[in-house]
A.B. asks: 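Input: one structure, supplied below.
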Amino acid sequence: MSARSEPVLRAPQSRTKEGPVRRYPFSAVLGMEDMRLALLLNAVSPAIGGVLVRGEKGTAKSTAVRALAALLPPVRRVAGCRFGCDPAEPDPACPDGPHPTAATAEIRPARLVELPVGAAEDRVVGSLDLEKALGEGVRAFEPGLLAAAHRGVLYVDEVNLLHDHLVDLLLDAAAMGRSHVEREGVSVSHAARFLLVGTMNPEEGELRPQLLDRFGLTVEVGASRDPEVRVEVVRRRLAADADPAGFAARWADADAEIAAQVAAARRRLSGVRLPDAALRQIAEVCAAFDVDGMRADIVTARTALAHAAWHGRDRVTIDDVRVAARLALPHRRRRDPFDTPGLDEKRLDEALQRAQDAHPDDDGPDDSGPDDSGPNGGGPGGGGPNGGGGPQDHATSDGEPVDDSGPGPAGPSAADGDAGPTDGPGGTDDDARSADDRGGHAPHGGREAPDRGDADPGRGRDGGADAQPVAVPRGGLTARLLTAPGVGDGVPGRRSRARTGRGRTTGARVPNGRVGALHLPATVRAAAPHQASRGRLTGPLRLRPDDVREAVREGREGNLVLFVVDASGSMGARQRMTAVKDAVLALLTDAYQRRDKVAVIAFRGAEARTVLPATSSVLAASTRLTELPTGGRTPLAEGLLAAADLLRVERLRDPKRRPLVLVVTDGRATAGTRPLDRAAGAAAVLAATGAPCVVVDCESGPVRLNLARRLATQLNAPHHPLAALTHPPARDAGLPVAA
């Protein structure tokens, strides 16, 4: 059995043999006003529910979050308590308690706990300490990462790649402020109040709308296209690499001012008033954007309160509501995978105006109180160490200089500072208590962000002029279920049968490395024959580490669904591409819901082209499908060979993910010499990969050549007419892939 592993902890400053390791200063991060403000407002009032940062690779998402941790105030805890209890107010249900009234206190830096994407559930929430159970015969709880993150920051990079059940665990703990563990004979509840920050690249797949809704705020970041800003980013990154200590020292005063501003806003928060006029504005905005439930209203109210506290006001104004809505509502408008998170700011202003017109006696914006300037007068944390307003620089964790989507120094004010943990309980988003009583939070700068096409949250179907066209399935058309034969070992999902960490228990096995779910009956059976040789006559069962058996569970896995689409003239000339796109979009929706990866290959003319490499972003797939051109000859052989080549590469990248190949064609082959013979040879190559295939027959009309049926025979694959792959929402029947 492996030794107990430690959580992935990041202190504000660690030390190596060469000396202290200094992080990039938060105040030196350039731009990204919305992101920095969202982090700061959660630091002021963590009850907002955390921040989800969406953005392209290399935009300093991780750098900013890690830099934020260095600004968190130290934490007082009961000495030796593994759950970080506050000596002034210890958790009465702490598993290490009860703590005496005069418990010894110790001070430690606030923690930044990083959750790896591949973490198991027991590592996240904790589990039975098997070493003590087997070695000492006692039942003990081994804390997980949620306990380590208490009163600190829990950071999940690439949160969209995290298994859904782990995301649910994180968000439930963040909402309730506690983690409840019921597993392997252990029943534990402990405090888990932390600032949750998730980052993701949308190109690698989206979170489900239900999970998006659980994050309090979301922001979009992107690299600046201003050469001057990019130059300053590189300049600062190189300076930090050349002299980390000196660079950190130059920005130390600015960081200290941001930390002081956050602390002052925390103290001010309880005295901020949320008038009825602001509540009506929040309700009008949430109703105008047709968001589900009441969580959006509550989070927007909390955010508005925090934003007012950040700017030194004692009551919420319409500007606070506008800022709060821009950060709390965009991701809550998603209805299906083809919706992009976004908010039409024109509609937002119209909704606020309607609320004001309906109650003309309400007070308007309050310009009293501090302005938007932060330390050094450059916006909240926006100025340089000497009060300069030059661009602020970010860099990726691997040292690459990056830049934000902000317009540069003249952009909207950015509240940057640390997102410190709160010692108070995190309120649930569903409770009925007044946001005024709970203390709200609002992420956003004091001034409105300029209207930027690349950062406009109104992209997608409701987006602005620069929105990309997105194909959407018509009339509620849904796909029938396609499954791979057999039982796989892939990543958890919702499509094909697989041995996973969740699901029904089907057996037991000797663990390979760290024990997953303990199979107690099998462990007892393995130890029972050896009790006499171990000298046991009476008393407890004598166990050894090699007696341990872990449960084998069967659940569902996600697959790689590869669409090989015929885009030749024979498809377009007969107006079949519309029906084909509708069917493929329905299949894409199904792939999204079942947590699959998707890839698209199109063949037309004389070649096949990978329209979309393997990705979890169904939105990207639908966009590429909209732009798919048609016409020309039918290079069927090239399409099948391209599919075989893509499968070979993906098998090396992700060996546990089983593929499903959907060949959408009428079976014709007209490109090159002896096209049908070449297509038969290519079908043999694809079949030799062992990947299960399905041939979707698009042939129509009174005269049928049945070429697609012949292709299905060559691929040893089932053959389904195009119309059989979809159905109205009320009907459902599975179609196995196995021939």
Side-chain angles (χ1 to χ4, degrees), residues 26-27 29-46 48-55 59-61 63-65 67-68 71 153 195-197 199 215-222 254-255 257-259 261-266 268-269 272 299-300 302-313 316-317 319-331 343 345 370-375 378-383 392 394 404-420 440-450 452 455 457:
F26 188 86
S27 54
V29 174
L30 177 60
M32 294 196 299
E33 289 84 3
D34 282 354
M35 185 192 75
R36 293 187 296 162
L37 182 59
L39 291 172
L40 291 170
L41 293 177
N42 271 270
V44 172
S45 179
I48 291 174
V51 183
L52 175 65
V53 183
R54 297 161 42 89
T59 48
K61 300 184 296 293
T63 297
V65 174
L68 178 69
L71 304 180
V153 178
L195 172 58
L196 177 63
V197 182
T199 58
F215 277 95
L217 310 176
T218 186
V219 292
E220 299 268 353
V221 297
D255 273 7
E257 289 188 56
I258 296 170
Q261 191 174 357
V262 171
R266 285 187 183 182
R268 193 182 299 122
L269 179 63
V272 178
V299 171
T300 304
R302 291 173 176 166
T303 305
L305 284 163
H307 189 262
W310 174 257
H311 289 289
R313 292 187 281 270
V316 172
T317 69
D319 290 334
D320 299 318
V321 174
R322 178 183 291 106
V323 165
R326 290 185 66 253
L327 295 173
L329 298 185
H331 59 300
L343 197 71
E345 294 200 32
D371 60 14
D372 297 339
S373 62
Q392 294 174 324
H394 334 330
D404 62 45
S405 60
S413 72
D416 6 44
D418 77 348
H441 327 318
H444 201 68
R447 294 184 296 270
E448 288 187 63
R452 302 189 300 271

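Any value given below was found using the heavy atoms of this structure, including those in side chains, with hydrogens, waters and symmetry copies removed.
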A.B. asks: Minimum heavy-atom separation for Ala324 to Ala304, with atom names?
C.D. replies: CB-N, 3.6 Å
A.B. asks: Considering non-hydrogen atoms only, spot the tightest contact between Ala328 and Val299 and give its length.
C.D. replies: CB-CG1, 3.9 Å
A.B. asks: Would you find a donor on one side and an acceptor on the other, under 3.5 Å apart, between the side chain of Asp255 and the backbone of Ser27?
C.D. replies: yes
A.B. asks: Working note: His307 + His311, criterion side-chain contact (heavy atoms from CB on, under 4.5 Å); need CA distance, chi angles, decisive distance, verdict.
C.D. replies: CA-CA 6 Å; His307 189 262; His311 289 289; 3.2 Å; yes
A.B. asks: For residues Asn42 and Gly49, report the shortest heavy-atom separation together with the two atoms involved.
C.D. replies: OD1-N, 3.7 Å
A.B. asks: State, with a plain yes or no, whether a side-chain heavy atom of Leu269 is found less than 4.5 Å away from one of Trp310.
C.D. replies: no
A.B. asks: Return the minimal non-hydrogen interatomic distance between Val197 and Val153, and the atom names on each side.
C.D. replies: CG2-CG1, 4.3 Å
A.B. asks: Give me the one residue out of Leu217, Asp320, Leu305, Leu329 that meets side-chain contact (heavy atoms from CB on, under 4.5 Å) with Thr300.
C.D. replies: Leu329
A.B. asks: Looking at Arg268 and Ala309, would you say the former's side chain and the latter's main chain have a donor-acceptor pair under 3.5 Å?
C.D. replies: yes
A.B. asks: Can you tell me if Arg266 uses its side chain to pair, donor with acceptor, with the backbone of Ala43 under 3.5 Å?
C.D. replies: yes
A.B. asks: How close do Met35 and Ala64 get, heavy atom to heavy atom, and via which atoms?
C.D. replies: CE-CB, 3.0 Å
A.B. asks: Are the side chain of His331 and the backbone of Phe215 linked by a donor-acceptor contact shorter than 3.5 Å?
C.D. replies: yes
A.B. asks: Mark yes or no for whether Thr218, through its side chain, and Leu52, through its backbone, hold a donor-acceptor pair below 3.5 Å.
C.D. replies: yes
A.B. asks: Determine whether Val221 and Arg54 make a side-chain contact, defined as any pair of heavy atoms from C-beta on separated by less than 4.5 Å.
C.D. replies: no
